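All remarks here apply to the structure that follows.
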Amino acid sequence: MSDRVQSSSVLDRVLVLEMVRVTEAAAIAAAKWIGRGDNDSADAAAVEAMREELNKLPMDGTVVIGEGERDEAPMLYIGEKVGSAQDGGPRIDIALDPLEGTTITAKAGPNALAVLAIAENGCLLNAPDVYMDKLAVGPGYPEGTIDLNKSPADNVRAIARVKGAEPNEIIACVLERSRHDKIIAELRELGCGIKLIPDGDVAGVMATADPDTGIDIYMGSGGAPEGVLAAAALRCVGGQIQGRLTFRNDDEVARARRWGIDDLDRVYTIKEMARGDCIFAATGVTDGSLLQGVRTRKDCLTTESIVMRASSGTVRRVLAEHYKFGSQRSL
């Protein structure tokens with residue numbers, strides 16, 4: 001049976017480039033805080049800009065992955081309604097991170113992004129804001145090549161076999177955190193290369209789909225919301241990701257149960273995190289391996305974005321000039 005993703009008539013009514021305009025606005029707002037050492041102000045600027053743009057779109061949108069639960073976030077909280085066509089427009093679920101890499105931005109580091117994914121109602125995993133163990137590869141691997149229940153070394157050996165390479169020729173991307181010390185030690189013993197990143201695991205997962213990065217596999221734990229965003233991106237290009245929620249305390253377990261999650265050890269596949277047709281968009285805030293960051297010229301700002309769609313399998317890069325007197329030209 002064909003696994004081809006069917007085009008969605010609902011998403012057809014929301015132009016792909018409109019998603020880029022939303023992430024562009026968030027990236028430009030956040031860029032004003034690059035290197036200023038103020039995480040909160042950078043994030044708040046991106047949130048406000050993204051919310052304003054989303055509310056211009058003719059849709060009945062619901063944030064299913066956002067800045068936190070309603071009592072914890074003033075804007076773009078999980079469950080918030082956005083769009084200009086409530087009770088009549090196409091029903092869209094939205095996963096977003098207005099600034100994926102707040103610390104990166106504050107320190108002027110690499111790979112900060114404004115990120116957004118949309119799908120039809122009910123097609124994105126409504127994940128609680130807890131950690132998720134993740135394992136991801138780009139396109140070109142048979143389904144089942146990776147397995148989150150197996151060891152990091154076994155997964156590296158598996159993708160090496162498919163590539164016709166030795167394990168020491170594989171490059172893994174891992175967040176540089178103390179919780180990953182055992183993973184890093186196991187990979188070092190195997191002899192494979194490791195790309196350690198300080199933050200930004202959406203960019204880390206997406207790097208597996210870009211041959212120019214040299215990254216073959218992503219592994220380690222990070223935010224569950226970011227896992228859903230990354231799944232939407234990989235869904236568009238034929239990659240694979242598996243995720244399993246992890247809980248640090250009883251409060252996080254209780255939160256998951258309130259969200260209807262009963263099987264706490266479940267391994268989610270890419271199709272369970274992002275089903276059906278998906279559109280994913282990201283704009284660079286700071287320069288990175290995937291996208292160039294926002295740049296200021298005398299009379300304009302330039303942005304670089306990527307937008308992908310699952311049903312068409314298309315990946316578009318958009319270089320835009322935002323002139324200060326109000327006009328904009330996309331190259």
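Quick caveat, the model's predicted, so the values are computed rather than measured.
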Check the pair Arg317, Glu304 against salt bridge (charged side-chain N to carboxylate O under 4.0 Å, His left out), reporting the backbone distance first and the verdict last.
-> CA-CA 7 Å; Arg317 288 183 177 270; Glu304 186 181 15; 3.5 Å; yes
Rounded to the nearest 0.5 Å, what separation is found between the CG atom of Leu96 and the CD1 atom of Ile65?
->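 Taking CG in Leu96 and CD1 in Ile65, the distance rounds to 8.5 Å.
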Nearest 0.5 Å, what's the CZ-CG distance between Arg235 and Asp277?
->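 These two atoms lie 9.0 Å from each other.
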In a table with atom names and distances, give each donor-acceptor pair under 3.5 Å that connects a side chain of residues 165-176 to protein atoms at least two apart or in another chain.
unit_1	atom_1	unit_2	atom_2	d
Glu169	OE2	Glu166	N	2.7

Atom CG of Asp250 with >12 non-hydrogen neighbours under 6.0 angstrom |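 No.
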Reference residue Asp199; test side chain to side chain contact (heavy atoms under 4.5 Å, CB included); the match among Thr105, Ile104, Thr102 |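 The single option meeting the side chain to side chain contact (heavy atoms under 4.5 Å, CB included) with Asp199 is Ile104.
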Under the salt bridge (Lys or Arg N to Asp or Glu O under 4.0 Å) test, which residues partner [X], sequence neighbours left out?
X: Lys81; result: Asp60
X: Arg188; result: none
X: Asp154; result: Arg157
X: Arg266; result: Glu272

Residue pairs involving residues 202-215 (criterion side-chain hydrogen bond (donor to acceptor under 3.5 Å, both in side chains); sequence neighbours excluded) =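 Sorted result for residues 202-215: empty, none.
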Does anything in residues 39-48 pair up under side-chain hydrogen bond (donor to acceptor under 3.5 Å, both in side chains), and if so which pairs, sequence neighbours excluded?
->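 Matches after skipping sequence neighbours: Asp38-Ser41, Asn39-Thr103.
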For residues Ser221 and Arg179, is any side-chain donor paired with an opposing acceptor at under 3.5 Å?
->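 On atom types as modelled, these side chains qualify, holding a pair under 3.5 Å.
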Would you say the side chains of Thr302 and His322 form a donor-acceptor pair under 3.5 Å?
->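 Distance-only check fails for Thr302 and His322.
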Before giving the answer on salt bridge (charged side-chain N to carboxylate O under 4.0 Å, His left out), spell out for Asp287 and Arg295 the whole-Å C-alpha distance, their side-chain angles and the decisive distance to 0.1 Å.
-> CA-CA 9 Å; Asp287 288 346; Arg295 303 204 173 175; 2.8 Å; yes
Among residues at least two apart in sequence or on other chains, which ones pass side chain to side chain contact (heavy atoms under 4.5 Å, CB included) with [X]?
X: Ile241; value: Ala136, Val205, Ala230, Ala231, Leu234, Ile270, Met273
X: Thr145; value: Tyr141, Pro142, Ala158, Ile159, Val162
X: Pro110; value: none
X: Ala46; value: Ala26, Ala30, Pro98, Leu99

Kindly give the cluster partners of Tyr131, where membership spreads through any ILVMFWY side chain lying under 4.5 Å from a current member.
->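 Tyr131 shares its hydrophobic cluster with no other residue.
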Thinking salt bridges, do Asp201 and Lys134 make one under a 4.0 Å N-O criterion?
->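 Counted as a salt bridge, because a side-chain N and a carboxylate O are separated by less than 4.0 Å.
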Looking at Glu24 and Arg21, does any basic side-chain N land under 4.0 Å from a carboxylate oxygen?
->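 Not counted as a salt bridge, because no side-chain N and carboxylate O are separated by less than 4.0 Å.
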With salt bridge (charged side-chain N to carboxylate O under 4.0 Å, His left out) as the test, would you mind laying out the steps for Glu252 and Arg255 before giving the verdict?
-> CA-CA 5 Å; Glu252 290 188 349; Arg255 177 184 296 178; 5.7 Å; no
